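Here's the structure, in structure tokens; my notes come after.
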Amino acid sequence: MNAGLIFAGGTGTRMSSRTRPKQFLELNGKPIIVHTLEYFEESPIIDAVCVVCLESWIDFLKGLLEKYRLTKVRWVVPGGETGQGSIFNGLKAIHDSGADPADTLVLIHDGVRPLISTKIIEDVVACARKNGNAVTVTSAYETIITVDENEQVEDVVDRKRAKLARAPQAFFLKDIYGAHLRAHEEGYTGAIDSATLMRHYGARLFTVEGPVENIKITSASDFYIFRAIVEARENSQIWGL
């Protein structure tokens, strides 16, 4: 089984939205989370989806699932106190459903990363099925530096070797669930994302090049970029641009 695990548990403080969390903000009358979920719904290789949601917004999300006929969403679970904890809640729901841990591939994705495609989903699944995991990346087009505790430049990273880690990130359920259980037992809470957690426990990770526009919408400027790209895609369909 190939399962999507969509994290939609953030509150969107950087978006400065007073009415609703960022994943429920609308573009063209459709919430961002729905834009994201539709790619997993339309992908023929995705069998089921789990959404981790703010507990107070679960009923609202379920209404959206019904309205937009997102039938592959099998589990809706409340988020945890951290992103790491929220992902663990989703993995536990999939694991406890009786899914085969050795065969079930979980694609972990941000609900506010809607500019993906069915192709990148397929590429990630193919890579993970072949190599054991897959992390979506894009090339770094600007200079990346590291700084010390005084904010002075410590090193300039070779741009040819630098990549930006994005999502989806795919792992077999037995591996990623096992890593989360170990982190919970050891009190490790420093994972920025699933790739960080797996790397922390020594996993050798494989990458898949994804589209540059596959941004995470965390600020107002990100939303405007999202809107511009969606409009450009729509124009290309209408005018053949």
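In this text, all values refer to a predicted model and were calculated from it rather than measured experimentally.
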Could you give the side-chain donor-acceptor pairs of residues 88-95 under 3.5 Å, partners two or more places apart or in another chain?
unit_1: Asn89; atom_1: ND2; unit_2: Pro78; atom_2: O; d: 3.0
unit_1: Lys92; atom_1: NZ; unit_2: Asp96; atom_2: OD2; d: 2.6

Side chains of Ser139 and Glu209, donor plus acceptor under 3.5 Å: yes
Taking ring pair (Phe, Tyr, Trp, His ring centres under 6.0 Å) as the cut-off, I'd like each qualifying pair that reaches into residues 133-163, sequence neighbours left out, listed once. none
Once rounded to the nearest 0.5 Å, what's the spacing between atom CH2 of Trp75 and atom CG of Leu5? 9.0 Å
Does the side chain of Leu37 come within less than 4.5 Å of Tyr68's, by heavy atoms? no
Are Val77 and Met1 in one and the same hydrophobic cluster, where Ile, Leu, Val, Met, Phe, Trp and Tyr link if side-chain heavy atoms are under 4.5 Å apart? yes
In this structure, are over 12 heavy atoms from other groups packed under 6.0 Å from Glu186 atom CD? yes
Do Asp103 and Arg129 have side chains that approach each other closer than 4.5 Å (heavy atoms only, starting at C-beta)? yes
Is there a path of hydrophobic side-chain contacts, each under 4.5 Å between heavy atoms of I/L/V/M/F/W/Y residues, joining Leu164 to Val208? no
State, to 0.1 Å, how close Thr138 and Pro211 come at their nearest heavy-atom pair, and which atoms those are. CG2-O, 3.4 Å
4.5 Å side-chain heavy-atom contact, Thr189 and Thr82: no
So do the side chains of Ile46 and Ile121 get within less than 4.5 Å of each other, counting heavy atoms only? yes
dist Gln169:CD -> Ile87:CD1 (nearest 0.5 Å) comes out at 9.5 Å
Residues in side chain to side chain donor-acceptor pair (under 3.5 Å) with Asn131, at least two apart? none
Look at Glu38 together with Lys30 and state whether they make a salt bridge at an N to O cut-off of under 4.0 Å. yes
Could you pull out all residues at least two apart from Gln84 that satisfy side chain to side chain donor-acceptor pair (under 3.5 Å)? none
Is the closest side-chain heavy-atom distance between Ile217 and Lys22 below 4.5 Å? no
Residue pair Val76 / Lys62: nearest heavy atoms and the distance that separates them: CB-CE, 4.4 Å
Is the backbone of Val135 close enough, under 3.5 Å, to the side chain of Thr207 for a donor and an acceptor to pair up by distance? no
Could you tell me which non-hydrogen atom of Phe171 sits nearest to which non-hydrogen atom of Ser194, and how far apart they are? CE1-CB, 3.5 Å
For the side chain of Asp148 and the backbone of Asn150, is there at least one donor-acceptor N/O pair under 3.5 Å apart? yes
pair Phe40-Val73: side-chain heavy atoms closer than 4.5 Å: no
Side-chain donor-acceptor contacts of residues 106-117 below 3.5 Å, not counting sequence neighbours, with atom names and distances?
unit_1: His109; atom_1: NE2; unit_2: Arg113; atom_2: O; d: 2.7
unit_1: Asp110; atom_1: OD2; unit_2: Arg113; atom_2: NE; d: 3.0
unit_1: Asp110; atom_1: OD2; unit_2: Arg113; atom_2: NH2; d: 3.3
unit_1: Arg113; atom_1: NH1; unit_2: Asn214; atom_2: O; d: 2.9
unit_1: Ser117; atom_1: OG; unit_2: Lys119; atom_2: N; d: 3.4
unit_1: Ser117; atom_1: OG; unit_2: Ile120; atom_2: N; d: 3.2

For residues Val230 and Asn28, determine if any side-chain heavy atom of one lies less than 4.5 Å from a side-chain heavy atom of the other. yes
Exercise: identify the closest heavy-atom pair between Arg166 and Val212: NH1-O, 2.7 Å
Treating His35 as the side-chain partner and Leu27 as the backbone partner, does any N or O pair qualify as donor plus acceptor under 3.5 Å? yes
Does His180 reach the side chain of Ile176, with side-chain heavy atoms less than 4.5 Å apart? yes
Do Leu25 and Phe226 belong together in a cluster built from hydrophobic side chains that touch within less than 4.5 Å? yes
Between Asp100 and Thr104, do the side chains contain an N or O donor and an N or O acceptor separated by less than 3.5 Å? no
So, the side chain of Glu41 versus the backbone of Lys72: is there a donor-acceptor pair under 3.5 Å, distance only? yes
Presence of salt bridge, Glu142 and Arg159, under 4.0 angstrom: no
Could you list the donor-acceptor pairs under 3.5 angstrom formed by side chains in residues 47-60, with sequence neighbours left out?
unit_1: Asp47; atom_1: OD2; unit_2: Asn2; atom_2: N; d: 2.8

In one Ile/Leu/Val/Met/Phe/Trp/Tyr side-chain cluster, 4.5 Å: Tyr39, Leu64: yes
Indicate yes or no: does Arg199 engage Asp193 in a salt bridge with an N to O separation below 4.0 Å. no
Are Val147 and Val156 joined in one hydrophobic group, where the rule is that I, L, V, M, F, W and Y side chains link up if heavy atoms are under 4.5 Å apart? yes
Which pair of non-hydrogen atoms, one from Ser86 and one from Gly80, has the smallest distance, and what is that distance? OG-N, 2.7 Å
Tightest non-hydrogen contact, residues Gly190 and Thr196, listed as O-CG2, 4.3 Å
So does Phe206 get a backbone contact from the side chain of Asn133, meaning a donor-acceptor N/O pair under 3.5 Å? yes
